Amino acid sequence: MTTPAFSICVYCGSRPGTNPAYADAAHAVGQWIAQHNGQLVYGGGRNGLMGIAAEAALQAGGRVIGIIPKALVEKEWAHQGCTELHVVDTMHERKRMMAERADAFLALPGGIGTLEELFEVWTWRQLGYHDKPIGILNTANYYSGLLAFLAHSEEQQFMNARQLGLVCASDTSESLLRELVQAAGLAPAAHLEQI
Ligand code: AMP
């Protein structure tokens with residue numbers, strides 16, 4: 001197997017959500033990463049959007065790195081089909097390893113776990129702990145309320161435009177993924193089916 005052109009850490013729901021557009025987006029993201037010779041780094045579960053993204057990447061012949069705390073192996077039904085499945089001791093270790101293995105981060109629709117992971121890498125970025133690009137995929141307007149709140153927070157001067165600008169939001173997965181990879185100073189391989 002060739003060396004991956006880039007690694008994207010995907011944060012997303014351990015549930016599928018109600019709108020089928022969420023599953024479609026997770027599938028499209030996993031597939032795009034694999035088809036452009038990328039590597040998917042994620043939480044290692046089989047459930048919800050997490051499992052859908054991983055499965056789509058694997059089906060398209062891509063590399064998938066799953067990182068899961070031992071306490072969640074059963075709860076999140078660890079995906080044994082991952083190219084690498086790392087069972088770690090703690091949630092902190094999981095998040096540190098996910099961040100280390102990634103060139104960029106992408107949040108898909110998800111719940112508190114997804115939000116916590118997104119805000120953590122965002123705060124780490126503003127503190128200068130890393131300089132990796134971060135994206136929010138606003139599928140079916142799932143994050144529109146959050147984005148409006150963040151604009152309100154800036155308006156109320158609890159954050160500034162520079163902090164807000166560290167995250168890139170879009171409702172289109174393909175252009176967002178391309179933008180993240182390029183912002184990381186890397187290039188997606190041409191669509192593998194075209195090579
Ligand atoms: P959720 O978005 O709540 O479905 O969770 C998505 C993923 O985030 C799951 O793999 C959770 O294990 C993970 N996660 C990471 N940090 C946390 C946390 N502090 N609380 C809950 N879940 C978390």
Side-chain angles (χ1 to χ4, degrees), residues 7-30 33 39-58 62-127 129-130 132-147 149-150 167-171 173 176-177 180:
S7 277
I8 303 239
C9 175
V10 171
Y11 300 130
C12 60
S14 53
R15 302 172 192 203
T18 52
N19 189 334
Y22 305 142
D24 292 346
H27 187 274
V29 164
I33 292 172
Q39 175 169 271
L40 171 70
V41 176
Y42 86 117
R46 275 196 101 100
N47 289 335
L49 299 190
M50 294 170 71
I52 292 168
E55 204 47 45
L58 290 166
R63 288 181 60 85
V64 174
I65 312 301
I67 304 163
I68 192 163
K70 58 185 175 203
L72 290 186
V73 166
E74 281 185 24
K75 199 169 159 238
E76 296 196 342
W77 200 17
H79 197 315
Q80 302 296 339
C82 290
T83 320
E84 289 174 34
L85 180 68
H86 299 272
V87 179
V88 295
D89 285 333
T90 64
M91 185 63 89
H92 286 296
E93 211 180 318
R94 173 204 236 179
K95 291 191 291 188
R96 184 178 50 76
M97 197 168 171
M98 286 169 79
E100 279 171 5
R101 298 289 304 256
D103 299 310
F105 305 97
L106 177 61
L108 271 56
I112 52 172
T114 302
L115 293 170
E116 195 252 3
E117 290 164 327
L118 166 67
F119 280 100
E120 184 172 70
V121 286
W122 190 356
T123 52
W124 286 356
R125 170 92 197 254
Q126 69 136 353
L127 294 170
Y129 292 162
H130 71 85
K132 300 175 183 180
I134 305 167
I136 295 177
L137 186 59
N138 189 22
T139 304
N141 284 319
Y142 177 73
Y143 281 117
S144 292
L146 177 68
L147 295 170
F149 174 77
L150 293 168
V167 167
C168 179
S170 169
D171 57 5
S173 63
L176 182 56
L177 282 159
L180 291 172

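First listed ligand is number 1; within each ligand, the first listed atom is number 1. Numbers here simply count residues along the sequence, with the first being 1. No experiment lies behind these values; they were computed from the predicted model shown.
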**Asked** Tell me, which pairs form a salt bridge (Lys or Arg N to Asp or Glu O under 4.0 Å) where one or both residues lie in residues 78-90, sequence neighbours left out?
**Response** Arg63-Glu84, Lys70-Asp89, Glu84-Arg101

**Asked** What residues form a ring pair (Phe, Tyr, Trp, His ring centres under 6.0 Å) with Tyr22, not counting sequence neighbours?
**Response** Tyr142

**Request:** Determine, stepwise, if the pair Val88 / Arg96 fulfils side-chain contact (heavy atoms from CB on, under 4.5 Å).
**Result:** CA-CA 11 Å; Val88 295; Arg96 184 178 50 76; over 6 Å; no

**Prompt:** Is the count of non-hydrogen atoms from other residues, nucleotides or ligands lying under 6.0 Å from Ile112 atom CD1 greater than 12?
**Reply:** no

**Request:** Using a strict cut-off of under 4.0 Å between a residue heavy atom and any atom of ligand 1, list the qualifying protein residues by chain and number.
**Result:** Cys12, Gly13, Ser14, Met50, Leu72, Glu76, Met91, Arg94, Gly110, Gly111, Ile112, Gly113, Thr114, Glu116, Glu117

**ring pair (Phe, Tyr, Trp, His ring centres under 6.0 Å) partners for Trp77, two or more places apart** = none

**Asked** Looking only at atom types and distance, does a side-chain atom of Asn138 sit under 3.5 Å from a main-chain N or O of Ser144, one as donor and one as acceptor?
**Response** yes

